[in-house]
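First comes the structure, then the notes that go with it.
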Amino acid sequence: MSAPRVRFAPSPTGSLHIGSARTALFNWLYARRHGGTFILRIDDTDAERSTEESTSSIFESMKWLGLDWDEGPYAQSDRLELYQERARQMIENGAAYFCYCSKEELAAKREAARKEGRPYRYDGTCRNLSDSERKRLDSEGRPKVARLKIEPDESILTPDLILGDVVFDSSTLDDFIFMKPDFTPLYNFSSAVDDADMNITHVIRGQDHLPNTPKQILISKALGMEPPKFAHLPMVHNARGQKLSKRDGAVGTLEFREMGFLPEALVNYLARLAWSAEGEQEIFTTEELKAKFDLDRVGKSPSRFDLKKLTWLNGQYMNEKPLSEKTEGAALFLNKAGYEPENAERLERIVEAVGDRLHTWPDIVTYGSYFFEEDGAYEFDPAAVKKWFRSEAELETVRAAESLIESIDPFEVDEIDKRMRAWAEERGEKLIRVLQPLRVAVTGKQVGPSLLETLEILGKESVLNRLERASEELPKMYAQKG
RNA sequence: GACCCCUUCGUCUAGCCUGGCCUAGGACACCAGCCUUUCACGCUGGCGACACGGGUUCAAAUCCCGUAGGGGUCACCA
């Protein structure tokens, strides 16, 4: 097989949908796997809906995911002349014709068909217009669109690398419009023309495009060109098994960055939607994906997007990150949450202490926010208080801890550990019965890194301040819940 | 409604093409236990699926037919 040429051709009418990102990824992977060329083409023939912002957000999404393109970006809006030339060619050789029916007339016919419960197809009113009629309509200045002439009762075979052969009956198609009144192309036309012109060998796209395929094949043939090979990817669905939409939460690729996911984890997750390697491997570096991916192991059935599995995967990747990188990411997300970790060294210690609790970046806030809050400002989690302050005894522990903390020197993990254990024993308490109430007292939470480390990082003075405040605040909460 | 696609644990999937190795494997999630100052990690175990009905065959998740369910598309959008 000669080197494949594939393309990703999004329309810039919004941010890059996560399903489209998967399509882009599979194209990219296919090109990389086979030493082919990955082309980026912006299908912006719909001037009304296309925006600059969308285009740049698509670029940014792809860059974030690491999907680099070898050619392009091409914009269809720059290639108008090509489409117009091809369209004229088709009109001339009789493969297509101009249609003068107005939008309103057509809408009425469509509506009538709908009411009668029969499928609407263009009735061919303008298909056999005589030259004189055409001239008359032109001289009246009637707007016209171009339609493809489709012969009925022909089967159109669309071989698909994933689905196998799919056959459409041309009678279910109608003479569809491919050039608008302003003589600019519609999607199916520009797409087929470009795929041919750019020598695209494989069109890998979502299954929602399957109904377009026979139309594009017809256009290719009308132009005397060999259609590319097709591969229709199963859709990515929401938890209820329907097309993923904004209502389902995050669907924009960049939103996942905002939520604190790692691009390599997202790539890994997306790759495993409908694709699997031989063996039972779940975690693939991008390099492995580039070496192993192929279309013959892509499934046919739709898959549901599972945020929990993505989160798990992300955690796996997170744990592999060097501390310096983790610290950088943590700083970024801490900032987003309104915290300002001023001391870089201290932040690194905190990130290290939080350790593998980091599944996504915002987890740094969940597990370590109190490190960045004033001694008198962190909040007490009511659930934590309820669970660990069951009687007067725990309040007493917090009060008594002040003098213990005061006396620990040096105030470091090993020493704190030694003294804490001895203290618990002295008081006839299990270690956990003193540590957890203290944790809640100084952090406000019942989860987090090792308390000993937490105390050391906080420092003696801060711990003392916090214990003092807890002694005042906790009884109030304690009283409230009775 | 018409056309097209799909159907293995709750979810992602392996197995299907080239029937027997499938008392259907792995992963996420969930549950339990272990480890542990909590949480998280890790480890161990558990729960849990061939949509249904007919064939074909000595033998079917795998092949054939039908039914049901789900999804996608039906624009002078892409």
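Throughout, a chain's letter reflects where its sequence line sits, starting with A, and its residues are numbered from 1. Note: hydrogens, waters and symmetry copies are ignored here, and every other heavy atom, side chains too, is used.
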Provide the distance between the two C1' atoms, one in B:A27 and one in B:U8, to the nearest whole Å. 15 Å
Quick check: does any side chain N or O of A:Asp175 sit under 3.5 Å from a backbone N or O of A:Ile150, one acting as donor and the other as acceptor? yes
Any pair with a residue in residues 295-315 of chain A that passes side-chain hydrogen bond (donor to acceptor under 3.5 Å, both in side chains), sequence neighbours left out, goes on the list, sorted by first then second residue, please. A:Glu282-A:Lys309
Salt bridge (Lys or Arg N to Asp or Glu O under 4.0 Å) with A:Glu140: which residues, sequence neighbours excluded? A:Arg136
Can you give one letter per nucleotide of nucleotides 36-48 of chain B, going 5' to 3': B for a protein heavy atom under 4.0 Å from the base, S for sugar-phosphate only, - for none? -BBBBSS------
Residues touching RNA chain B, which here means a heavy atom under 4.0 Å, drawn from residues 265-276 of chain A: A:Arg272, A:Leu273, A:Ala274, A:Ser276
Run through A:Phe256, A:Phe305, A:Phe261 and flag the one making a ring-ring contact (aromatic ring centres under 6.0 Å, His included) with A:Tyr269. A:Phe305
Name each donor-acceptor pair under 3.5 Å that joins a side chain in residues 426-437 of chain A to protein atoms two or more places apart or in another chain, with its distance.
unit_1	atom_1	unit_2	atom_2	d
A:Arg433	NH2	A:Glu394	OE2	3.0
A:Gln436	OE1	A:Arg439	NE	3.0
A:Gln436	NE2	A:Gln446	O	3.3

Show each protein N/O and nucleotides 51-53 of chain B N/O combination with a separation under 3.5 Å, one pair to a line.
none

Please measure how far the C1' atom in B:C47 lies from the corresponding atom in B:C9, and state the result in whole Å. 10 Å
To the nearest Å, give me how far apart CZ (A:Arg304) and P (B:C6) are. 17 Å
Base of B:A29, side chain of A:Lys309 - is there a donor-acceptor contact under 3.5 Å? no
Base, backbone or nothing for each nucleotide of nucleotides 71-78 of chain B, written B, S, -, heavy atoms under 4.0 angstrom, 5' to 3'? SSS-SBBB
Protein-nucleotides 60-65 of chain B N/O pairs closer than 3.5 Å?
none

When you check every protein heavy atom under 4.0 Å of nucleotides 16-25 of chain B, what one-letter string (B, S, -) results, 5' to 3'? ---------S
With sequence neighbours excluded, tell me which residues meet salt bridge (Lys or Arg N to Asp or Glu O under 4.0 Å) with A:Lys326. none
Classify the angle between the aromatic ring planes of A:Trp361 and A:Phe333 as parallel (below 30°), tilted (30 to 60°) or perpendicular (above 60°). parallel
Short side-chain N/O contact to B:U13 OP1/OP2 from A:Ser303, under 4.0 Å: yes
A:Arg147 charged N/C atom sitting above A:Tyr97 aromatic ring, 6.0 Å / 45°: no
Rounding to 0.5 Å, atoms OG1 (A:Thr443) and NZ (A:Lys445) come to a distance of 7.5 Å
Which residue pairs pass the side-chain hydrogen bond (donor to acceptor under 3.5 Å, both in side chains) test with at least one member in residues 163-173 of chain A, sequence neighbours excluded? A:Asp153-A:Ser171, A:Asp169-A:Ser171
Mind checking A:Phe168 for me? I need base, sugar-phosphate or nothing, with any heavy atom below 4.0 Å counting as a touch. sugar-phosphate
Apply side-chain hydrogen bond (donor to acceptor under 3.5 Å, both in side chains) to A:Glu81 and list each qualifying residue two or more places apart in sequence or on a separate chain. none
